[in-house]
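Scroll down for the structure; my scribbles are underneath it.
All values reported here derive from a predicted model rather than from experimental measurement. Only heavy atoms go into these numbers, but all of them, side chains included; no hydrogens, no water, no symmetry mates.
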Amino acid sequence: MLGGGSRISHHLRDCNHHHLGLGFCSTGIVKLSSFIFRPSNLTIIGDNHSNRQRFQQRLVSSSSLQCKSPGEIPIAFDCFSQQEDDHEPPSEGLSAVAGGIVALGKFDALHIGHRELAIQASKVGTPYLLSFVGIAEVLGWEPRAPIVAKCDRSRVLASWASYCSNVAPSEFQIEFSSVRHLNPQQFVEKLSKELRVCGVVAGENYRFGYKAAGDATDLVRLCEEYGIGAYIINSVMDRSKDPKNMDIKDRGQVSSTRVRHALAIGNMKYVSELLGRRHRLVLMIKDQKGFTRSNNGRWKISASKSCLLNLAPKNGLYENCFVMFDNENSVRCDVFIDSNCIHLEIDDLGLNSDLICQDLNILGVEFGD
């Protein structure tokens, strides 16, 4: 938990991590940038006696705080069990992020920058990802497939626990429509008075508030005014040297846009580098035929692209992949994607052949490098 400002300074002084934050605006542009923490450039608010007292009082009294936004609900999904995780629901009327440290953003890809942002939050308190959802609907954007399937997000976050002091970050989502017209001060006031957070993590290029009017300097100033810790960190850059990966018009930070581009060109090694894990494609195959024997003796299953719950890579053949029957059982496979379908071919399953006899609703496919 978060203690006094001097303790925070001491705790963070030895850190050296990468992070990402995201601002919101009403112009239809979500400004995304990624950040690397360097002790000399870290700004900490709450490092005076009065603010330390407010921090401690906020932590002590968090169990009695009220949340004024009942529509803001933390999410937890599991693609295979279809059950929520073991986190206990918050008490009635209590903000789910009360007393925590929130990373601000639209965490589409859950890539290494997002993970490192969660690491920073975990070093000073209970880490949360605070996401804005429903942006496309509000701004009239054309829907597009997510990079991470909605039902797979809790698995990814659980895998971050070993990086975050053995605590898996929780995700808390806010409807974009509820914050779209808030000016910077009103947004920070919402964090303080409604959500009752103790600290926020953001990047040096962070923009927030109506028409992205606020920047990181404003965030620091407003957080100090409301007694919230503010942790400002520098940009983390994409280390790739491959010119094919550089035709995105940004200054080179790790981003969800880069992940989408890497998937579009089928560079799965690059995707893995950006995500810090293999990309998992999730298929809802209920009412499909299931596995059958092909002419070459391999087990095969085909599914329409309409069964996909997240973004597939470029059409083509992918070897050294794995089909995930659940979170514990996987089998090596080849994947072929065409304009209409995705086809999986598996060698003789041997002792695992009983897996193909079960009723299948969900399959995961992880792509090798």
(Q) Could you tell me if the side chain of M268 sits less than 4.5 Å from the side chain of P313, heavy atoms only? (A) yes
Q. Got a second to check how far S95's OG is from L195's CG, nearest 0.5 Å?
A. 4.5 Å
Q: Please examine the side chains of I362 and M284, heavy atoms only from C-beta on, and report whether any two atoms are closer than 4.5 Å.
A: yes
Q | All side-chain hydrogen bond (donor to acceptor under 3.5 Å, both in side chains) counterparts of K305, not counting sequence neighbours | A | N315
Q: Test L129 against every option in V102, L104, L157 by the side chain to side chain contact (heavy atoms under 4.5 Å, CB included) rule and name the one that passes.
A: L157
Q) How about R258 and H111: do any of their side-chain heavy atoms sit closer than 4.5 Å? A) no
Q: Take the angle between the ring planes of H343 and F336 and call it parallel below 30°, perpendicular above 60°, tilted in between.
A: parallel
Q. Looking at residues at least two apart in the chain, or sitting in another chain, which of them share a side-chain hydrogen bond (donor to acceptor under 3.5 Å, both in side chains) with E137?
A. none
(Q) Once rounded to the nearest 0.5 Å, what's the spacing between atom CG of L308 and atom CD1 of I342? (A) 5.5 Å
Q) NZ/K190 to CD1/I174 distance, rounded to the nearest 0.5 angstrom? A) 5.5 Å
Q: Considering non-hydrogen atoms only, spot the tightest contact between C341 and S304 and give its length.
A: SG-CA, 4.2 Å
Q: Would you please test L263 and F367 for side-chain contact (heavy atoms from CB on, under 4.5 Å) and show each step?
A: CA-CA 11 Å; L263 287 168; F367 290 81; over 6 Å; no
(Q) With a 4.5 Å cut-off on side-chain heavy atoms, are T257 and R260 touching? (A) no
Q) Are V259 and L311 close enough, and set up right, to give a side-chain contact (heavy atoms from CB on, under 4.5 Å), and what steps lead you there? A) CA-CA 10 Å; V259 177; L311 186 61; over 6 Å; no
**Q.** Nearest-0.5 Å distance that lies between atom CG in L344 and atom NZ in K300
**A.** 10.0 Å
Q: Calculate, to the nearest 0.5 Å, the distance between atoms CG and OH belonging to D218 and Y206 respectively.
A: 11.5 Å
Q. Looking only at heavy atoms, which two atoms of D152 and R155 are closest? And how far apart?
A. OD1-NE, 2.6 Å
**Q.** V167 reachable from W160 in the ILVMFWY side-chain graph, under 4.5 Å edges
**A.** no
Q. In terms of hydrophobic clusters joined by side-chain contacts under 4.5 Å, are L317 and V365 together?
A. no
Q.
Please find the pair of heavy atoms, one from V282 and one from N310, that lie closest to each other, and give the distance.
A. N-OD1, 2.9 Å
Q: Take L139 and F176, measure what side-chain contact (heavy atoms from CB on, under 4.5 Å) needs, and give me the verdict at the end.
A: CA-CA 10 Å; L139 300 178; F176 179 67; 4.1 Å; yes
Q) Atom CG of L191 and atom CZ of R196: how far apart are they, to the nearest 0.5 Å? A) 12.0 Å
Q: Count the heavy atoms belonging to other residues, nucleotides or ligands that lie under 6.0 Å from OH of Y163, then report whether that count exceeds 12.
A: no
Q | Criterion side chain to side chain contact (heavy atoms under 4.5 Å, CB included) against S131, the qualifying member of K106, H114, E171 | A | E171
Q. Any sub-3.5 Å donor-acceptor pair from T126's side-chain atoms to G100's backbone N or O?
A. no
**Q.** Listed partners of A216 passing side chain to side chain contact (heavy atoms under 4.5 Å, CB included), at least two apart
**A.** I232
Q | Audit row: Y128, F172, ring-ring contact (aromatic ring centres under 6.0 Å, His included) steps and yes/no | A | CA-CA 7 Å; Y128 294 92; F172 186 79; 7.5 Å; no
Q) Distance-only, no hydrogens or angles: does the S192 side chain make a donor-acceptor pair with backbone N or O of E189 under 3.5 Å? A) no
Q | Distance-minimising heavy-atom pair for V200 and V197 | A | CG1-CG2, 4.3 Å
Q | Pairwise side-chain contact, M324 with L363, heavy-atom cut-off 4.5 Å (strictly under) | A | no
Q. Does some side-chain heavy atom of F208 sit less than 4.5 Å from a side-chain heavy atom of V179?
A. no
Q) Under 4.5 Å between any side-chain heavy atoms of L222 and E225, yes or no? A) yes
Q: Taking all heavy atoms of Y210 and all of R180, pick out the closest pair and write down the distance.
A: CD1-O, 3.6 Å
Q. Is it true that a side-chain atom of R280 and a backbone atom of G364 form a donor plus acceptor pair closer than 3.5 Å?
A. no
Q. Taking the side chain as C-beta and beyond, is there a heavy-atom pair between L281 and V335 under 4.5 Å?
A. no
Q: Verify the cluster assignment for L182 and V97: are they in a single hydrophobic cluster under the rule of side-chain heavy atoms below 4.5 Å apart?
A: yes
Q) Do you know which two heavy atoms are closest between A109 and V148, and how far apart they sit? A) O-CG2, 3.4 Å
